[in-house]
Amino acid sequence: MDIFHIEGPVTLAGTVTVNGSKNASLPIMAATILAPGKSTLRSVPHLSDISVCAELLKRLGCKLTRNTNGDVCIDSTTIDNPIGEYEIVRRMRAGICILGPLLARCHTAKVSLPGGCAIGVRPVDIHLRGLTELGAQIRMENGYIVAEAPNGLKGKEIFMGGTFGSTVLGTANILMAATLAKGKTVIESAACEPEIVDLANCLNKMGAKITGIGSPRLIVEGVDQLQPVEYQVIPDRIEAGTFMVAAAITAEELKIKNCRLPDMMAVVDKLRNIGVTVDAENNGCVVARTGSIGTADITTQPFPGFPTDLQAQLMALLALARGNSVIIEKVFPDRFMHVAELNRMAANLRKEGPAVIVAGVEKLIAAPVMASDLRASAALVLAALAAEGTTTINRVYHIDRGYEKIERRLNPLGAKITRQSV
Ligand code: EPU
């Protein structure tokens, strides 16, 4: 239960390097279930969600180590307990993406229903519908999903769209299951997020036959087996976006290395429109702001739309804009836990259903606030960098789930963040 004390306002300057993607690493770690043997994954970030995923895989029977150079080695030769326990899946919803690979490899799997979280109800009905289409028999037992396919899975045409668009982890689950299914699977309305592209590229390196990668129609020709892999995960576009907002909110110039702008065009476009310069440079970019912050209307959408995982951070920035902005959340309509906390820091935000009207204020003022979920907490850190006084953020473990020691990354740039262990 660590606490952050953040002194503001500060100006940040210097260079920061983006780590490997959390949301690409998690399904790729699960994909190693499909290929008995030793896989090596590079650039997997040191985050608590990654440790939870490692624990989940260990309980299945996998052996995991982290080399001195940071590589994660997963030996999935033996999987003798195809169960995703509640105790672990409740801590990290991404645990659900072991269901597809376990079913494909072991023909049986029992995984706890993840339940909701601070950002919403988060059902998994589309995951289950997809696996049922592939021939699995699925039933619920005491809060667990029990899936069986005694004769293996069979390829089929599957529609993965839902009320809120495609599903990222649902696509990951079905894609992984389909690699070892008999025959051809066509996934329509597949998620196109860069993390799904990375997973599909990794699966192909393991010997899968996936085409249409990056499009909403994925075609998978089932194969008999997959081989272990050495694979480097992509940089974290959400971490990169968070650093971009840090540069914008503190009105300075930051060099951000190891970031792929083509994966972030919706964000870059919004930042440019509100007066932030984002210039590509080598394998990253330079982000700077000199003038005041302009207003914007933002609607979150599946990729290539504006990512929900950067909605809270942009809200912190627009809280200081000259005028009114509107932010509409179309992926997780209840993902607004940060609104009340930002208002405690003198922001002027009004929630109206799945939208927030952001009336820009001249300055934010430090206050004690509570981190509620990962990205909401990042927004509070950003706001605190610009706010007058010392902000205290409680429940920092939410930030540690997705940002590796954020204070050690921002302090060398000029931030004044102290972590207090309580
Ligand atoms: N949905 C359903 N039924 C399903 C699955 C999803 O109705 O079976 C709904 C969800 O409730 C939501 C929408 O569909 O309204 C999209 O959810 P999605 O399934 O795409 O989310 P996810 O796969 O569970 C991943 C990321 C999230 C990110 C979302 C959207 C990981 C580990 N998680 O979640 O990341 O917000 O995609 O891009 O990849 C984060 O990193 O902070 C985070 C929450």
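Order of listing sets the numbers, starting from 1, for every ligand and every atom in it.
With hydrogens and angles left out, the side-chain atoms of Glu404 and Asn19 include a donor and acceptor closer than 3.5 Å. For the residue pair Ser48 and Tyr397, no side-chain donor N or O sits within less than 3.5 Å of a side-chain acceptor on the partner. Using modelled atom types and a 3.5 Å distance limit, the side chains of Asp80 and Thr78 yield no donor-acceptor pair. Using modelled atom types and a 3.5 Å distance limit, the side chains of Thr300 and Glu329 yield a donor-acceptor pair. For Tyr231 and Asp198, the side-chain atoms include at least one donor-acceptor pair closer than 3.5 Å.
Atom 34 (O) of ligand 1 has as its closest protein heavy atom Arg122 NH2, 3.2 Å. For atom 44 (C) of ligand 1, the closest non-hydrogen atom of the protein is Arg335 NH2, 3.4 Å. In terms of protein heavy-atom proximity, atom 16 (C) of ligand 1 is nearest to Val331 CG1, 3.8 Å. For atom 11 (O) of ligand 1, the closest heavy atom belonging to the protein is Pro123 CD, 3.4 Å. Given atom 19 (O) of ligand 1, the protein heavy atom at minimum distance is Thr167 OG1, 2.6 Å. In this structure, atom 8 (O) of ligand 1 lies nearest to the protein heavy atom Ile126 N, 2.7 Å. With hydrogens left out, the protein atom closest to atom 23 (O) of ligand 1 is Leu169 N, 2.8 Å, a heavy atom. The nearest heavy-atom contact from the protein to atom 26 (C) of ligand 1 is Asn23 ND2, 3.7 Å.
The ligand atoms of ligand 1 that sit less than 4.0 angstrom from a heavy atom of Ala94 are 32 (C). Near Val124, meaning under 4.0 Å from one of its heavy atoms, ligand 1 places the atoms 4 (C), 8 (O).
Polar contact with ligand 1: present for Asp125 (N/O pair, distance under 3.5 Å). In terms of polar-atom proximity, Arg93 is not counted as a contact of ligand 1, lacking any N or O under 3.5 Å from an N or O of the ligand. In terms of N/O distances under 3.5 Å, ligand 1 is approached by Val168. Residue Lys22 has at least one N or O atom closer than 3.5 Å to an N or O atom of ligand 1.
Contacts of Ile119 with ligand 1, taken as heavy-atom pairs under 4.0 Å, involve the side chain alone. The side chain of Leu374, and not its backbone, has at least one atom closer than 4.0 Å to an atom of ligand 1 (non-hydrogen atoms only; side chain from C-beta on). With a heavy-atom cut-off of 4.0 Å, Thr308 touches ligand 1 through its side chain alone. Using a 4.0 Å cut-off between heavy atoms, Arg375 contacts ligand 1 through its side chain alone, with no backbone atom that close. The side chain of Asp309, and not its backbone, has at least one atom closer than 4.0 Å to an atom of ligand 1 (non-hydrogen atoms only; side chain from C-beta on).
Ion pairing of Arg335 with Asp309 is present here, as a side-chain N (NZ or NE/NH1/NH2) and a carboxylate O approach within less than 4.0 Å.
The two residues Arg129 and Gly161 make their nearest non-hydrogen contact at NH2-O, 3.4 Å. The two residues Lys22 and Ile50 make their nearest non-hydrogen contact at O-CD1, 4.4 Å. Nearest heavy-atom pair across Ala246 and Leu12 is CB-CD1, 3.9 Å. Of all non-hydrogen atoms in Thr171 and Thr167, the two that sit nearest each other are OG1-O, 2.6 Å. Val229 and Met206 get closest at one heavy-atom pair: CB-CG, 3.5 Å.
For the side chain to side chain contact (heavy atoms under 4.5 Å, CB included) with Ile393, the lone residue among Ile3, Ile417, Ile6 that qualifies is Ile6.
Although no hydrogens or angles enter the test, the distance criterion places a donor-acceptor pair under 3.5 Å between the side chain of Arg409 and the main chain of Thr17.
Not a single heavy atom of Thr163 lies less than 4.0 angstrom from ligand 1. Proximity of Glu195 to ligand 1 is not established, as no heavy-atom distance is less than 4.0 Å.
Comparing heavy-atom distances from atom 29 (C) of ligand 1 across Phe303, Phe332, Phe164 singles out Phe332 as nearest.
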